[in-house]
Amino acid sequence: MRPILILTKNLLIEQQLQSQLQHLNYEVLCSVELLNQLKMSVQTMKDNEDGQRNFKRKLLINYQAIILSETISDNEIQELVSNIQLTKQVLLRKLVEEPGKKEKERLKDLGIFDWILVDNSINSLREQLSEKLSPYQGDESNIIYLYQDEGLTNDVTQLKRSLSRREKATLECLFNSHGKVVSREDLCTHIWNEAPSNSRLSQTSMLIKKIKEKMGKYGFNGETIQTIWGEGYVLSKELSDSGLLMNL
């Protein structure tokens with residue numbers, strides 16, 4: 001069975017859907033980076049139309065379904081859909097309720113003819129997928145799994161690989177605090193295993209800044225690490241509860 005791809009701008013928002021899909025035994029890739037690559041290929045298509053179409057086909061050929069998150073605007077979807085040629089995949093817009101007549105017409109104008117409702121039970125999700133994917137599940141030929149060969153792994157994995165040893169130690173300390181504020185001094189002591197100095201405290205602040213930048217790059221948007229002035233730092237409740245930072 002081929003994987004399901006979720007294109008999004010925010011990985012944390014997709015955690016519930018990803019968890020439900022995995023519970024139903026689907027392999028899932030949830031990616032911000034892949035969305036950015038597709039958008040970039042659309043922008044450069046004028047220079048090499050055939051090459052860019054072939055590039056996008058290679059990016060998407062491995063997936064039986066592509067789910068477009070609600071974090072992607074209608075204008076972005078229209079541009080993507082008009083330049084993506086899908087032959088053996090189903091394209092689904094992620095919605096929270098059944099669309100009315102006007103909404104269906106709007107989706108049709110965007111090039112979207114099917115959708116998936118995620119504000120429902122896992123049983124409902126199972127039946128929706130069974131209905132929508134059944135026409136495509138008989139053809140598993142010529143599957144190359146390019147995302148393994150070309151490094152298109154889950155964005156969480158890419159984030160973990162990009163972190164330095166001290167950045168990992170910083171996140172581990174914050175994660176292990178279980179939602180409690182960690183003072184800058186305690187964090188500094190944990191990272192360098194020595195009494196905090198002005199230089200080390202400054203380096204700790206820079207580590208927090210670099211981690212936030214990397215998390216933003218890989219789809220962890222919003223205040224993932226909150227600064228509590230006069231007290232210290234704390235992971236956002238959403239990120240802490242997600243468990244994504246376990247086993248750094």
Side-chain angles (χ1 to χ4, degrees), residues 1-38 59-72 86 88-97 112 114-140 143-163 171-172 175 178-179 214-215 217-222 224 235-248:
M1 182 184 296
R2 291 185 291 167
I4 290 176
L5 171 64
I6 303 174
L7 294 176
T8 184
K9 292 183 177 180
N10 190 339
L11 293 178
L12 293 177
I13 288 178
E14 314 304 335
Q15 283 303 295
Q16 181 180 358
L17 175 58
Q18 185 171 359
S19 177
Q20 287 179 327
L21 290 170
Q22 290 170 337
H23 183 83
L24 293 171
N25 203 33
Y26 289 99
E27 183 179 354
V28 184
L29 173 67
C30 184
S31 182
V32 175
E33 182 65 22
L34 195 50
L35 172 63
N36 291 335
Q37 288 188 43
L38 288 168
L59 286 181
L60 301 176
I61 192 174
N62 300 298
Y63 305 99
Q64 61 174 317
I66 300 166
I67 299 175
L68 301 172
S69 168
E70 71 273 30
T71 61
I72 306 174
L86 301 179
K88 298 177 182 178
Q89 300 99 336
V90 57
L91 189 63
L92 303 169
R93 178 62 150 158
K94 180 183 170 189
L95 302 175
V96 296
E97 60 183 7
I112 303 293
D114 217 337
W115 50 86
I116 190 167
L117 304 179
V118 296
D119 196 19
N120 286 302
S121 70
I122 195 167
N123 292 332
S124 174
L125 181 61
R126 181 191 64 231
E127 296 306 313
Q128 288 183 76
L129 290 171
S130 176
E131 175 188 349
K132 298 175 189 301
L133 300 183
S134 57
Y136 302 87
Q137 290 180 338
D139 191 349
E140 297 292 321
I143 304 304
I144 307 170
Y145 293 105
L146 295 172
Y147 70 93
Q148 294 177 350
D149 297 335
E150 297 183 7
L152 299 177
T153 54
N154 191 295
D155 286 3
V156 178
T157 303
Q158 291 189 32
L159 169 65
K160 291 180 179 180
R161 289 174 178 172
S162 75
L163 295 171
L171 282 175
E172 285 173 348
F175 181 75
H178 303 294
K214 289 182 179 181
M215 295 186 87
K217 176 181 178 180
Y218 292 109
F220 294 83
N221 298 325
T224 49
L235 283 184
S236 67
K237 186 177 185 303
E238 189 177 20
L239 182 56
S240 181
D241 291 346
S242 72
L244 289 175
L245 299 182
M246 294 179 66
N247 302 320
L248 285 172

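The shown structure was predicted, so the numbers you read here are calculated from the model rather than taken from an experiment. Both backbone and side-chain heavy atoms feed into the values below; hydrogens, waters and symmetry mates do not.
For S162, the side-chain contact (heavy atoms from CB on, under 4.5 Å) test picks out L159, K214, Y218, with sequence neighbours left out. With sequence neighbours excluded, the residues satisfying side-chain contact (heavy atoms from CB on, under 4.5 Å) with E70 are I13, E14, K94. With sequence neighbours excluded, no residue forms a side chain to side chain donor-acceptor pair (under 3.5 Å) with S240. By the side chain to side chain donor-acceptor pair (under 3.5 Å) test, D114 is found to be paired with K132, residues two or more places apart in sequence or in another chain being considered.
Remark: I67 CD1 to I4 CD1 distance equals 5.5 Å, nearest 0.5 Å. To the nearest 0.5 Å, the span separating CG on L5 from CG on L38 amounts to 8.0 Å.
By the 4.5 Å heavy-atom criterion applied to side chains, L35 and T8 are not counted as neighbours. In this structure, L125 and L17 have side chains that are in contact, with non-hydrogen atoms separated by less than 4.5 Å. A heavy-atom distance below 4.5 Å is found between the side chains of L21 and I6.
Side chain of S69 to main chain of I72: no donor-acceptor pair is present (N/O by atom type, distance under 3.5 Å, no hydrogens or angles). Distance alone, capped at 3.5 Å, places no donor-acceptor pair between the Q64 side chain and the L133 backbone.
Across all their heavy atoms, L29 and Y63 have their closest contact at CD2-OH, 3.1 Å.
Considering N36, T71, L34 in turn, L34 is the only one that fulfils the side chain to side chain contact (heavy atoms under 4.5 Å, CB included) rule with L7.
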